[in-house]
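So the structure is just underneath, and the comments pick up after that.
Since the model is a prediction, treat every value here as computed from it, not as a measurement. So you know, we letter chains A, B, ... as the sequences are listed, proteins then strands, and number each from 1.
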There are 2 protein chains.
Amino acid sequence: MTRKPKNNAAKAKAQAADPELDRRKTSILGTVVYEYIATGEPVGSATLTQKYNLGISPATVRAELASLDEEGYLEQPHTSAGRVPSDRGYRYYVDRLMLPETLTPEERDRIRAEVRRATHQLDSVVDHASHVLSTLTRSIAFAIAPRLSSQVYRHIELIRIGDHAVHVVLVTDLGLAAQCTLETTTPVNADALLRASNNFNEHLQGSRLADISIEALERLADAAPLPGDLLRGISTIVAEHADADVERRLFAGGAHNLLDQQEFRDLRKLRAILDLLEEQQTLYQLLHTSLQSAGARVSIGRELPSIDMSECSVVTIPYRVGDRNAGAVGILGPRRMQYARLIALINCMADSLNELFHGEASAANG
Amino acid sequence: MTRKPKNNAAKAKAQAADPELDRRKTSILGTVVYEYIATGEPVGSATLTQKYNLGISPATVRAELASLDEEGYLEQPHTSAGRVPSDRGYRYYVDRLMLPETLTPEERDRIRAEVRRATHQLDSVVDHASHVLSTLTRSIAFAIAPRLSSQVYRHIELIRIGDHAVHVVLVTDLGLAAQCTLETTTPVNADALLRASNNFNEHLQGSRLADISIEALERLADAAPLPGDLLRGISTIVAEHADADVERRLFAGGAHNLLDQQEFRDLRKLRAILDLLEEQQTLYQLLHTSLQSAGARVSIGRELPSIDMSECSVVTIPYRVGDRNAGAVGILGPRRMQYARLIALINCMADSLNELFHGEASAANG
DNA sequence: AGTTAGCACTCTCACTCGCCGATTGCTAAT
DNA sequence: ATTAGCAATCGGCGAGTGAGAGTGCTAACT
C-alpha cells in the first residue's frame, strides 16, 4: 500500500529507530496523528471509524489504541478522553508514515520572489528569509547568516567616519556585503586607510576569506600603519576569527503567531518560549547542529535540548554557500504542527537560498 | 477656595485642562492613583485610611470618592469594588500631582553607557536605544532613527557589489553612517561609479542633505553616466525624498514584557497590541507627532489614536540632531504605569541621544 | 482466534447555587 | 461638616450536578 521512506534520519538521539508496527496499527497511528494535527482534539475510536473508512469496528480500534498506548505511541490526557500522539508517536509518523507534501507553484514562487527581493546585504537576506518563513508558516522562524569563511575576497572599503571610527564594507565573490563600524583607540589617518585598502584589494583578490590571516593584513598595511585594534577588527570580520562565531547574530521572527496556537493559551508556556527566543542560545545551538546534516531535520518535544520546548517541535535545514553548509534556518511551533507542509516549505526556502547564493555568484562574476 | 466643578459626565476629549480640585480631593485622588499603580488592586476607603494618614474617616473618604467618581476621575470596576483611576484621573495625576522622580546616578550612567556603546551606524544607535529602554522599563520601547535631512554631507562611497547592485554608504557631519544596497536594471560600470562619487565628494561637501536635489546629483554624475534608478536611489537616501519618509523604519522591542502585566492576561488584548506593533503605523504616527513637541509627552488610554490601546499609555519624547528635532523614542505600557519613573528614564534617554548626536559632531569634526 | 455489540464505568466540562467577604451608599447622631 | 453604624450589593469561589464523550471489559458471534 503506502510506500515507506527509508529511515536514516532520526539517529541523532542515539535511540535505535522504533520497530516497524503491523499494518493495521500503522494505519491507525497514522490516522490518529493526522486527525489530531488537523483538529487539535483528542481522537477517539468513534471519530476514527466515522471519519475514516478503516473497515473495522470501534471496538477493534479501541483494542489497537490501547495497545499503541501501552507501547508509548499514544497518550491519554485523561481517562475518558481520546488519544493524543506522544513524542514517539509523532516520531514514527514523521519518519515513516507522513506523505511528503508538495507546494503549489504559487507558493514556491512566493518564497523565491521574497528571497530575491532581499538586498545584497548579508544580514538582510537572512532577516528577510526568516520573516517570510514565519508569515508563511504562522510559526516562529529563525535563521543564522552564512559564514563568510568559505567565500572569496573580492573587495574591501574602509570609510573614515570620524577620528576614531571606521566603517568597513566587505564584498565577497557571491555578491554579499558584510559591514560593521569599528572604533579605534588611536586616531585613524584617512590616507593610511586608503593605501591600506588599496593594498588589500590588490593582493587579497581571490583568497578564501578563511585563509586570510591577521599577519597577512598586517603585512599589507605595513606601509600605511593602521591602529592595531582596527586591524584586529577587520581580521575578525574577514576571517570570522574566534569570538565572531559566538556573536553570530540570530534572526528570529513571528513570535506573535504563537498566540493563535491553542497549546499556548497558558501564559507560562508562552513566556517560556519567548524567553528562549530572547536568550537565543538554544535556538542557535539547534541551527548549529543542523549544519552537520544534509537535509531537513525534525526534533520533537523532549528530543529538543530545552525542557521548556517539550511541547514544541522544530524543523531545521542548512543551506549552502558554494558547496558547503554555511547557515541554517529553522521553524519552531507546537508539536501539533503540519510536519509535511513545514518540511516542504523549509526545503523550498533552503533551495531558494542555495540558488541565491549560487546564482549571485555567477551573476556577480560576469 | 473650594471650587466644585459640576461637569457631570467626563467630557470626552475636551482639550481644556481640568479645573483644579480642592486640596482634599487632590490628595485623595493622588493617593488612589499612587496606590493603584503600586498594587494593581482597586482601592477602597478602608485601604486609604489605613495605609495613608489622611486624618479623616473612611466615611468622609467615601463621600469624596463618590464625588470624584461622579466627576469622572475615578471608576468602579463593579458596584462593590474599590475605585480605579479613569483616563481623566490619570491625566490629572500626570499633569498636576505626580512628583518628578530622579534616577540614581547608576541608572543615568547605565543609559548613557549603553547608548555610547552603540556603533556609529545610524540604525544601530536607535535599535540599541530602544532595546535598552525596553529592558530598563520592562515595557515596550520603540524609536525612529533621526532624519538625515538636517545633517550635512561629508562623504559618500559607492561600492559595486555586482553587475546590478551597488552598496551606498553615506557619512554625515555627525559621524553617522547610513547605508543601503541598491539594485539597478542596467549594469553599473565601476569606473563611472568611482568618478561619480569623487565628483559628489568634491562638490557636495558641506551641503545640507535636504538641499541636495536629484538634478544636482545628475549634473555631477554627468561625465560618468550612472543608471537612472541608481541616481534616484542615492537621491532618496541623501535627501530622504518622498517615499523614504513613510518607509522610515521603526525599531521596537520588549514585547515579551507585556506578559508580566496582569492587564494583559487576556490573550485578545495581548494580541491586539502585538498586531499594533507588527503594523507599526500607529506607533510611527505617535512618534511623528511627538516631533512637534519639546519634551516628554504622555498619552493615556483613549487619548491614543487606536481603540486597541485604550488600556495602555504611551510616553514619547523627541531627540535632537543639531538644533532640530530629528527623531523620537517612546514607551508603551499599561495605563497603570509608573509615569514619573518612565518619564525620568525617557528624559535621560533623550538627553543621552542629544549629547551623542552633538558630541559626535565635534569629535568627528576635529 | 479474531472481531464485534453491549454496557457499566470514569472523567471532564459547563452550569448553577449559595455563601463569604469586600465595599459601598444612606441615615442618623455628633 | 464629619462620623459611626448598618443594610444592600456584587464578584469570586467552591461544591454539587447532569450531560457527554470515551474507555475497558465481557460475552456472543463468525
Side-chain angles (χ1 to χ4, degrees), chain A residues 21-29 31-33 35-36 38-86 89 262-263 265-266, chain B residues 1-4 8 21-29 31-33 35-36 39-86 89 262-263 265-266:
Chain A
L21 298 170
D22 73 52
R23 263 216 8 217
R24 199 167 66 185
K25 269 202 182 114
T26 289
S27 150
I28 290 183
L29 176 56
T31 315
V32 170
V33 177
E35 173 73 8
Y36 183 66
T39 67
E41 299 294 322
V43 184
S45 57
T47 320
L48 283 177
T49 49
Q50 277 160 33
K51 288 181 71 167
Y52 302 88
N53 191 6
L54 298 177
I56 45 178
S57 78
T60 314
V61 172
R62 276 204 288 282
E64 295 287 36
L65 288 179
S67 166
L68 283 166
D69 192 329
E70 206 171 307
E71 293 166 54
Y73 294 97
L74 296 177
E75 283 167 358
Q76 262 181 311
H78 56 82
T79 326
S80 80
R83 257 54 177 226
V84 158
S86 65
Q262 61 188 60
E263 26 270 287
R265 250 181 291 163
D266 181 353
Chain B
M1 192 68 186
T2 38
R3 254 219 242 136
K4 272 207 178 153
N8 268 355
L21 298 170
D22 72 52
R23 273 247 320 252
R24 198 168 65 183
K25 271 203 183 112
T26 288
S27 147
I28 290 182
L29 176 56
T31 314
V32 170
V33 177
E35 173 74 8
Y36 183 66
T39 67
E41 299 293 322
V43 184
S45 56
T47 321
L48 283 177
T49 49
Q50 278 160 31
K51 287 181 74 167
Y52 301 89
N53 192 7
L54 299 177
I56 46 179
S57 79
T60 313
V61 172
R62 277 203 289 282
E64 296 286 38
L65 288 179
S67 165
L68 283 166
D69 193 328
E70 205 172 311
E71 292 165 52
Y73 295 98
L74 297 177
E75 284 167 358
Q76 265 181 307
H78 54 83
T79 325
S80 77
R83 270 16 186 250
V84 159
S86 65
Q262 61 188 61
E263 27 270 286
R265 249 182 277 162
D266 181 352

How many Å lie between [atom1] on [X] and [atom2] on [N], as a whole number?
| X | N | atom1 | atom2 | answer |
| --- | --- | --- | --- | --- |
| B:Glu64 | C:dT24 | CD | P | 13 Å |
| A:Glu70 | D:dC25 | CD | P | 10 Å |
| B:Asp69 | C:dG25 | CG | C1' | 12 Å |
| B:Leu65 | C:dG25 | CG | C1' | 12 Å |
| A:Leu68 | D:dT23 | CG | P | 12 Å |
| A:Lys25 | C:dG2 | NZ | C1' | 14 Å |
| A:Glu35 | D:dA21 | CD | P | 15 Å |
| B:Glu75 | C:dT24 | CD | P | 15 Å |

Does any part of the side chain of [Y], heavy atoms only, come nearer than 4.5 Å to the side chain of [X], both counted from C-beta?
| X | Y | value |
| --- | --- | --- |
| A:Tyr73 | A:Leu21 | yes |
| B:Ile28 | B:Ile56 | yes |
| B:Glu75 | B:Arg83 | no |
| A:Leu65 | A:Val32 | yes |
| B:Thr60 | B:Leu54 | no |

Sequence neighbours excluded, every pair satisfying salt bridge (charged side-chain N to carboxylate O under 4.0 Å, His left out) that has a member inside residues 43-62 of chain A:
A:Glu35-A:Lys51
Any residue in residues 40-55 of chain B with a heavy atom nearer than 4.0 angstrom to DNA chain C? Just list them by number, or reply none.
B:Gly44, B:Ser45
Considering residues at least two apart in sequence or located in another chain, which fulfil the salt bridge (charged side-chain N to carboxylate O under 4.0 Å, His left out) criterion with A:Glu41?
none
Taking CG in A:Asn53 as the centre, count heavy atoms belonging to other residues, nucleotides or ligands within less than 6.0 Å. Is the count above 12?
no
Please determine whether the number of non-hydrogen atoms from other residues, nucleotides or ligands lying under 6.0 Å from atom CD of A:Gln262 exceeds 12.
yes
Which residues pass the ring pair (Phe, Tyr, Trp, His ring centres under 6.0 Å) test with A:Tyr36, sequence neighbours left out?
none
A:Thr60 side chain N/O closer than 4.0 Å to the phosphate oxygens (OP1, OP2) of C:dT4?
yes
Taking OP1 and OP2 of D:dG24, is either one under 4.0 Å from a side-chain nitrogen or oxygen of A:Arg83?
yes
Just the atom pairs and distances: protein N or O near nucleotides 6-15 of chain C's N or O, under 3.5 Å.
from: C:dG6; atom 1: O6; to: A:Arg62; atom 2: NH2; distance (Å): 3.2
from: C:dC11; atom 1: O2; to: A:Ser80; atom 2: OG; distance (Å): 2.8

Can you tell which of D:dT23, D:dT2, C:dT4 lies closest to the side chain of B:Arg24?
D:dT2
Compare the minimum distances between each of C:dT4, D:dT3, C:dT24 and the side chain of A:Ile56, then state the nucleotide with the smallest one.
C:dT4
State, to 0.1 Å, how close B:Ser45 and B:Pro58 come at their nearest heavy-atom pair, and which atoms those are.
CB-O, 3.8 Å
Start with the C-alpha distance between A:Ser67 and A:Glu71, add both sets of side-chain angles, then the distance that settles side chain to side chain donor-acceptor pair (under 3.5 Å), and finish with yes or no.
CA-CA 6 Å; A:Ser67 166; A:Glu71 293 166 54; 2.8 Å; yes
Using the C1' atoms of five pairs at each end, what's the angle between the two axes of the helix from C:dA1-D:dT30 to C:dT30-D:dA1, to 10 degrees?
20°
